[in-house]
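Here the structure is a predicted model, which means the values were calculated and not measured.
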Amino acid sequence: MATQRVLPQSKETLLQNYNKRLKDDIRSILDNFTEIIKTAKVEDETQVSRATQAEQDHYEMHVRAANLVRAGESLMKLVSDLKQFLILNDFPSVNEAISLRNQQLRTLQEECDKKLISLRDEIAIDLYELEEEYYSSSCGQWDGVELPLCETFRRQDSWGSPETTSDPSCANPEDSDRLGTQESMQRHLNSHGSSTSEQS
């Protein structure tokens, strides 16, 4: 059996006050409802006229109905006070709820980590297979040098582009060097021929 917690004096007094309010309101509801039922009973002739008695009973019913409403509102206020007292003072339950929520969040975090690790492994395997396929094909070779994917596709696009073929700035560096060498040799031969003709 769970041991009952010892409450401080102020809390114990407050709980006793709540208990007293509960009993008073329930007693008020019961008494007023009983008196309303009794007032509805038709009595024999008395010294008071029927009209006067009816007016008195009508007024008494209104008063007791108002007492019923007041007791009901007091009970609703008591429920609100009890909820507030429970939220502010029931620390063990609050700590237990926090611990349970933390445990649920940790479990969710572990599941997310496992899914992320599995996704990472799958992506790594797919990337490895794509790299193997790329480097084993002729698309990844350029004059015996393995090029990155972006560079390979850029050069493949430049082959089919008319602007690239006509623009000397986009030509192959080896072709540019070869053209430069030929132009320098031609200039050297021209200068040699002109000097020979001058001497003669």
Side-chain angles (χ1 to χ4, degrees), residues 1-135 148-150 153-154:
M1 184 174 63
T3 58
Q4 186 175 5
R5 293 187 292 117
V6 179
L7 296 175
Q9 187 66 28
S10 59
K11 295 181 181 179
E12 187 68 27
T13 304
L14 187 60
L15 290 178
Q16 290 178 0
N17 185 21
Y18 290 159
N19 194 15
K20 183 178 181 300
R21 285 171 56 185
L22 176 63
K23 291 180 179 180
D24 292 342
D25 292 336
I26 292 178
R27 186 182 299 110
S28 175
I29 292 175
L30 180 61
D31 293 343
N32 285 281
F33 185 77
T34 303
E35 291 299 326
I36 290 175
I37 297 299
K38 289 180 179 180
T39 305
K41 181 181 178 181
V42 179
E43 297 181 355
D44 298 333
E45 290 289 339
T46 58
Q47 295 179 354
V48 183
S49 63
R50 285 188 177 275
T52 304
Q53 186 65 37
E55 191 67 26
Q56 180 181 351
D57 293 343
H58 183 263
Y59 178 74
E60 183 179 357
M61 285 184 178
H62 273 284
V63 173
R64 293 193 179 280
N67 290 336
L68 284 173
V69 174
R70 182 201 59 78
E73 291 178 350
S74 179
L75 284 176
M76 293 177 65
K77 180 65 168 56
L78 178 61
V79 171
S80 177
D81 293 341
L82 286 173
K83 289 181 179 180
Q84 183 177 359
F85 176 83
L86 182 64
I87 293 173
L88 296 178
N89 297 284
D90 194 6
F91 295 108
S93 299
V94 173
N95 293 332
E96 183 179 357
I98 293 175
S99 300
L100 180 60
R101 182 59 178 168
N102 288 335
Q103 184 178 359
Q104 292 175 352
L105 292 176
R106 289 194 186 95
T107 304
L108 181 61
Q109 180 184 1
E110 292 177 356
E111 293 178 357
C112 292
D113 291 340
K114 291 179 180 179
K115 291 181 180 179
L116 288 174
I117 292 173
S118 176
L119 182 61
R120 181 199 64 186
D121 295 340
E122 293 177 0
I123 292 176
I125 294 174
D126 293 338
L127 285 176
Y128 179 78
E129 293 177 355
L130 288 173
E131 289 179 355
E132 288 291 328
E133 180 66 22
Y134 164 70
Y135 288 122
L149 287 173
C150 58
F153 288 123
R154 186 182 67 81

For D25 and S74: C-alpha separation, side-chain torsions, deciding distance, then whether side chain to side chain donor-acceptor pair (under 3.5 Å) applies.
CA-CA 7 Å; D25 292 336; S74 179; 2.6 Å; yes

List the steps, then state whether side-chain contact (heavy atoms from CB on, under 4.5 Å) holds for H58 with T39.
CA-CA 9 Å; H58 183 263; T39 305; over 6 Å; no

Would you please test T34 and L30 for side-chain contact (heavy atoms from CB on, under 4.5 Å) and show each step?
CA-CA 6 Å; T34 303; L30 180 61; 4.2 Å; yes

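Crowding of Q103 atom CD: a count of heavy atoms from other residues, nucleotides or ligands under 6.0 Å not exceeding 12. The number of heavy atoms from other shown groups lying within 6.0 Å of CZ (F33) does not exceed 12. Surrounding CD of Q84 are at most 12 heavy atoms belonging to other residues, nucleotides or ligands under 6.0 Å away.
Note that the CZ atom of R21 and the CG atom of L82 stand 8.0 Å from one another [nearest 0.5 Å]. Note that the OH atom of Y18 and the CG atom of D81 stand 4.5 Å from one another [nearest 0.5 Å]. The CZ atom of R120 sits 10.5 Å away from the CG atom of D113 when rounded to the nearest 0.5 Å. L127 contributes atom CG, which lies 12.0 Å from atom CD of E122 (distance to the nearest 0.5 angstrom). Atom CG in N102 sits 10.5 Å away from atom OG1 in T107 (nearest 0.5 Å).
Put simply, the side chain of N17 never gets that close to the backbone of T13: no donor and acceptor are under 3.5 Å apart. For S118 (side chain) and K114 (main-chain N/O), no donor-acceptor pair under 3.5 Å exists by modelled atom type.
A heavy-atom distance below 4.5 Å is not found between the side chains of M61 and E35. Residues L119 and I123 have side chains in contact (heavy-atom distance under 4.5 Å, counting atoms from C-beta outward). Residues L75 and I29 form a side-chain contact, since some pair of their non-hydrogen atoms from C-beta on lies under 4.5 Å apart.
Residues forming a salt bridge (Lys or Arg N to Asp or Glu O under 4.0 Å) with E73 (at least two apart in sequence, or on another chain): none.
Of the candidates V69, V63, L68, L68 is the only one forming a side chain to side chain contact (heavy atoms under 4.5 Å, CB included) with N32.
Salt-bridge check for D24 with R27: passed, with a basic side-chain N closer than 4.0 Å to an acidic carboxylate O.
Nearest approach of R64 to I36, heavy atoms of both residues: CB-CG1, 3.7 Å.
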